[in-house]
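In this chain, residues are counted from 1 in sequence order. As the structure is a computational prediction, the values presented were derived from the model and not from experiment.
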Amino acid sequence: MRRIGFLATESYYVDHLASIWLALPKKWRGPFFVSPKSAYTAKRYGINNLIKVSGPRLHIANEMKSKHNGPVMTASWGNWRIVEKAGLPAPTIPHGQSGPGSNANESWKRKAHKLDLMLVPAVDGQGGLEGIN
C-alpha cells in the first residue's frame with residue numbers, strides 16, 4: 001500500500017482535506033504538501049508530516065515527485081493540475097458548493113475524463129464516489 005499524500009496551497013483547501021487525512025490509518029498518511037500560507041492551518045488541525053512547497057506549478061510538481069511516489073489528494077482544479085504535472089495519481093474532492101446538480105460539481109464533471117477518482121461531499125443525503133471512467 002502506497003501512502004496517500006495531500007496538496008493544499010490555500011488554507012481553505014486544508015479545511016476541506018484535513019478530516020480525510022486525519023481519518024486515514026496512520027500507516028496510510030503520506031506527506032501533506034502545503035504552501036507557506038497554508039502551513040499554519042494544517043498545523044492547527046494537528047497534521048504532522050508537512051512539506052512546504054512554493055513557486056510555479058512545475059517547480060512544486062517536481063518537488064512533490066522527488067519526495068512522494070503515491071497518490072496525492074487535492075481539493076481544487078488548480079492543485080489537481082500540479083499533481084498531474086508531477087505524473088502522480090490524483091484523487092480529488094471538490095471544495096465549495098458541490099454535490100449533485102450544483103454548478104461547481106458540473107464544472108468538475110466536464111473534466112471527469114482526466115480524473116482518477118473524485119469524492120463528492122454529501123448534499124441532502126446524496127454524494128459519495130462519482131463514477132469516473
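- Tyr12 places none of its side-chain heavy atoms less than 4.5 Å from the side chain of Thr41.
- No hydrogens or angles considered: a donor-acceptor pair under 3.5 Å links the side chains of Ser35 and Ser38.
- Only one option out of Leu17, Thr9, Thr92, Val72 pairs with Asn79 in a side chain to side chain contact (heavy atoms under 4.5 Å, CB included); it is Thr9.
- In the hydrophobic clustering of this structure, Val83 does not group with Leu58; members are Ile, Leu, Val, Met, Phe, Trp, Tyr whose side-chain heavy atoms approach within less than 4.5 Å, directly or through other members.
- The shortest side-chain heavy-atom distance between Ile47 and Phe6 does not fall under the 4.5 Å cut-off.
- Of all non-hydrogen atoms in Gly5 and His68, the two that sit nearest each other are N-NE2, 3.4 Å.
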So Ile60 and Phe33, side chain to side chain contact (heavy atoms under 4.5 Å, CB included) or not? Walk me through it. CA-CA 9 Å; Ile60 294 172; Phe33 297 98; over 6 Å; no
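- A side chain to side chain contact (heavy atoms under 4.5 Å, CB included) with Asn69 is found for exactly one of Arg2, Arg3, Met64, namely Arg2.
- Taking CZ of Arg29 as the reference point, atom CD1 of Ile20 lies at 12.5 Å (rounded to 0.5 Å).
- The number of heavy-atom neighbours closer than 6.0 Å to OH of Tyr40, taken from other residues, nucleotides and ligands shown, is 12 or below.
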Verdict with supporting geometry, Trp21 and Ile4, side chain to side chain contact (heavy atoms under 4.5 Å, CB included): CA-CA 8 Å; Trp21 192 86; Ile4 301 169; over 6 Å; no
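- Here the NE2-OG distance, from His59 to Ser54, works out to 5.5 Å after rounding to the nearest 0.5 Å.
- Contact of the Lys43 side chain with the Val14 side chain is not registered, since no non-hydrogen atoms from C-beta on lie closer than 4.5 Å.
- Put simply, NZ on Lys85 and CZ on Arg57 are 7.0 Å apart, with the number rounded to the nearest 0.5 Å.
- Between Val53 and Leu7, the closest side-chain pair of non-hydrogen atoms falls below 4.5 Å.
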